[in-house]
2 protein chains.
Amino acid sequence: MDEIDLQILRILKANSRTTSSDISKMIHLSVPSIAERIRKLEKNGVIDQFTVKLNRRAMGQHCIVYIFVQLDGSAETHKFREAIVQSEHVLECHHTSGEYDYLLKVALAEISELEGFIMHTLKANHNIVRSNTVFILSTLKEE
Amino acid sequence: MDEIDLQILRILKANSRTTSSDISKMIHLSVPSIAERIRKLEKNGVIDQFTVKLNRRAMGQHCIVYIFVQLDGSAETHKFREAIVQSEHVLECHHTSGEYDYLLKVALAEISELEGFIMHTLKANHNIVRSNTVFILSTLKEE
DNA sequence: ATTGAAAGGGTTCAATC
DNA sequence: GATTGAACCCTTTCAAT
């Protein structure tokens with residue numbers, strides 16, 4: 001990965017539909033070269049996927065919360081992991097250091113759905129010692 | 001937005017380079033109709049942008065942390081906001097409810113860069129009462 | 001919303017440097 | 001690795017239904 005690759009990545013991050021011929025005009029490199037570099041960036045796993053960023057409000061996700069979760073040490077964590085990862089409400093799930101074990105980023109249509117999520121998805125058959133929910137009031141930056 | 005739009009969004013989210021003619025074969029709708037629906041989804045702000053998801057490791061971001069920040073009530077928050085939003089290390093910045101005021105998601109090359117980030121970007125000339133850093137050990141899901 | 005056709009443009013390949 | 005030129009394919013657009 002050289003400086004040219006980084007330029008290409010920057011352009012694609014801003015707009016993944018930018019064509020190789022468009023990029024060619026921007027960075028003065030031939031179209032086949034650019035196409036090949038993009039192929040390699042994909043093959044090497046630098047580019048995970050081409051995707052679209054959806055507007056949460058337009059998608060009806062008006063309530064975004066972070067939930068910290070502490071698991072019972074004796075719990076079989078893989079069942080918890082499976083249930084969480086499969087939930088369509090869970091945008092992110094990280095294993096964390098510190099006071100808690102996991103940090104979830106959760107999207108809900110509205111706040112009234114939170115209780116159901118915590119009761120039925122989060123605490124259903126998982127030995128959760130405690131959890132702590134942080135509400136997002138507004139978002140200044142989100143890549 | 002009807003069910004067909006949702007199908008199109010699902011396909012584009014998985015791969016934003018899927019062409020209208022490819023989608024046409026998947027959902028049995030004519031190419032011009034699909035092209036027009038995508039245009040409208042963009043125009044209406046449902047699709048924020050076409051982008052690529054980059055692999056953090058490949059990009060040399062080996063250290064991801066969440067940092068909670070509490071500001072001095074008298075502080076001029078807009079200066080803090082500007083500095084944070086402009087930092088290339090800050091992936092996300094949310095205004096939150098609860099014990100702290102802001103939650104940042106920060107990407108660093110390695111843990112040794114954290115001190116510099118906290119000292120020079122976070123606490124430089126901003127009246128920060130306290131902060132709390134949570135380290136990501138591993139990520140199970142990240143949309 | 002669909003169909004069909006025309007036009008324009010992007011991608012890819014092979015050969016070359 | 002990068003470039004060029006040509007062939008092919010696809011996308012877009014328009015008009016008519």
Side-chain angles (χ1 to χ4, degrees), chain A residues 1-62 88 91 107 109 142-143, chain B residues 1-62 88-89 91 107-110 113 142-143:
Chain A
M1 271 227 306
D2 56 11
E3 182 55 39
I4 295 176
D5 282 335
L6 291 176
Q7 284 185 51
I8 293 173
L9 289 177
R10 233 174 283 136
I11 292 167
L12 288 178
K13 184 139 191 70
N15 181 4
S16 65
R17 282 186 311 185
T18 314
T19 61
S20 294
S21 66
D22 283 337
I23 298 176
S24 172
K25 290 159 196 158
M26 299 179 189
I27 67 176
H28 299 294
L29 195 68
S30 71
V31 173
S33 298
I34 290 168
E36 194 185 346
R37 279 170 180 268
I38 293 174
R39 257 193 305 276
K40 282 183 185 168
L41 288 167
E42 282 187 83
K43 178 170 158 285
N44 299 339
V46 180
I47 296 177
D48 249 3
Q49 67 170 348
F50 284 72
T51 186
V52 288
K53 187 180 165 196
L54 301 181
N55 184 287
R56 297 206 196 288
R57 282 195 189 170
M59 296 301 287
Q61 300 176 329
H62 300 285
E88 58 170 350
L91 303 177
E142 189 170 32
E143 280 205 352
Chain B
M1 271 227 305
D2 56 10
E3 181 57 39
I4 295 176
D5 282 336
L6 291 177
Q7 284 184 50
I8 293 173
L9 290 177
R10 233 173 283 137
I11 292 167
L12 289 179
K13 184 139 191 70
N15 181 2
S16 65
R17 282 187 309 184
T18 313
T19 61
S20 295
S21 66
D22 285 335
I23 297 175
S24 174
K25 290 161 196 158
M26 299 178 188
I27 67 175
H28 300 294
L29 195 68
S30 71
V31 172
S33 298
I34 290 169
E36 194 185 347
R37 280 171 181 266
I38 294 175
R39 258 193 303 276
K40 280 184 186 168
L41 288 168
E42 282 187 83
K43 179 169 157 285
N44 298 339
V46 179
I47 297 177
D48 249 3
Q49 67 171 347
F50 285 71
T51 187
V52 288
K53 186 180 166 195
L54 302 182
N55 183 287
R56 296 206 196 290
R57 281 196 189 171
M59 295 301 288
Q61 300 176 328
H62 300 284
E88 58 170 349
H89 294 296
L91 303 177
L108 303 166
E110 42 179 328
E113 290 186 355
E142 189 169 35
E143 278 206 350

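All chains are named by letter (A, B, ...) in the order of the sequence lines, taking the proteins before the strands, and each is independently numbered beginning at 1.
Contact between the side-chain N/O atoms of A:S30 and the OP1/OP2 oxygens of D:dA2 is not found at any separation under 4.0 Å. OP1 or OP2 of D:dT11 lies within a sub-4.0 Å distance of a side-chain N or O belonging to B:S21. The side chain of A:R39 contributes an N or O atom lying less than 4.0 Å from OP1 or OP2 of C:dT12. Contact between the side-chain N/O atoms of A:T19 and the OP1/OP2 oxygens of C:dG9 is not found at any separation under 4.0 Å.
With rounding to whole Å, B:K40 atom NZ is found 6 Å from C:dA1 atom P. Atom CD1 of A:I23 and atom P of C:dG10 are 12 Å apart (whole Å). Atom CD in B:E36 sits roughly 12 Å away from atom C1' in C:dT2 (whole-Å rounding). One atom, CD1 of A:I27, and another, P of D:dT3, lie 10 Å apart when rounded to the nearest Å. Computed from coordinates, the B:I38 CD1 to D:dT12 P distance equals 8 Å when rounded to whole Å. A:K25 has its NZ atom 10 Å from the P atom of C:dT11, to the nearest Å. In this structure, B:E3 atom CD and C:dA1 atom C1' are separated by 18 Å, rounded to whole Å. Between the CD1 atom of A:I4 and the P atom of D:dA2 there is a distance of 6 Å, rounded to whole Å.
Note on B:S33: a base of the nucleic acid sits closer than 4.0 angstrom, heavy atoms only. Counting any heavy atom pair closer than 4.0 Å across all strands shown, B:R37 reaches sugar-phosphate atoms only and no base atom.
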Audit row: A:M1, A:N44, side-chain contact (heavy atoms from CB on, under 4.5 Å) steps and yes/no: CA-CA 10 Å; A:M1 271 227 306; A:N44 299 339; over 6 Å; no

Pair B:I23-B:L12, side-chain contact (heavy atoms from CB on, under 4.5 Å): steps then yes or no: CA-CA 9 Å; B:I23 297 175; B:L12 289 179; 4.1 Å; yes

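Among all heavy-atom pairs drawn from A:S21 and A:V31, the shortest one is CA-CG2, 3.7 Å.
Nearest-nucleotide assignment on DNA chain D puts the 5′-proximal partner with A:L29, out of B:D22 and A:L29.
Counting heavy atoms from C-beta on, the side chains of A:M26 and A:Q7 never come closer than 4.5 Å.
Annotation for B:E88: atom CD does not count as buried by contact number, only 12 or fewer foreign heavy atoms lying within 6.0 Å.
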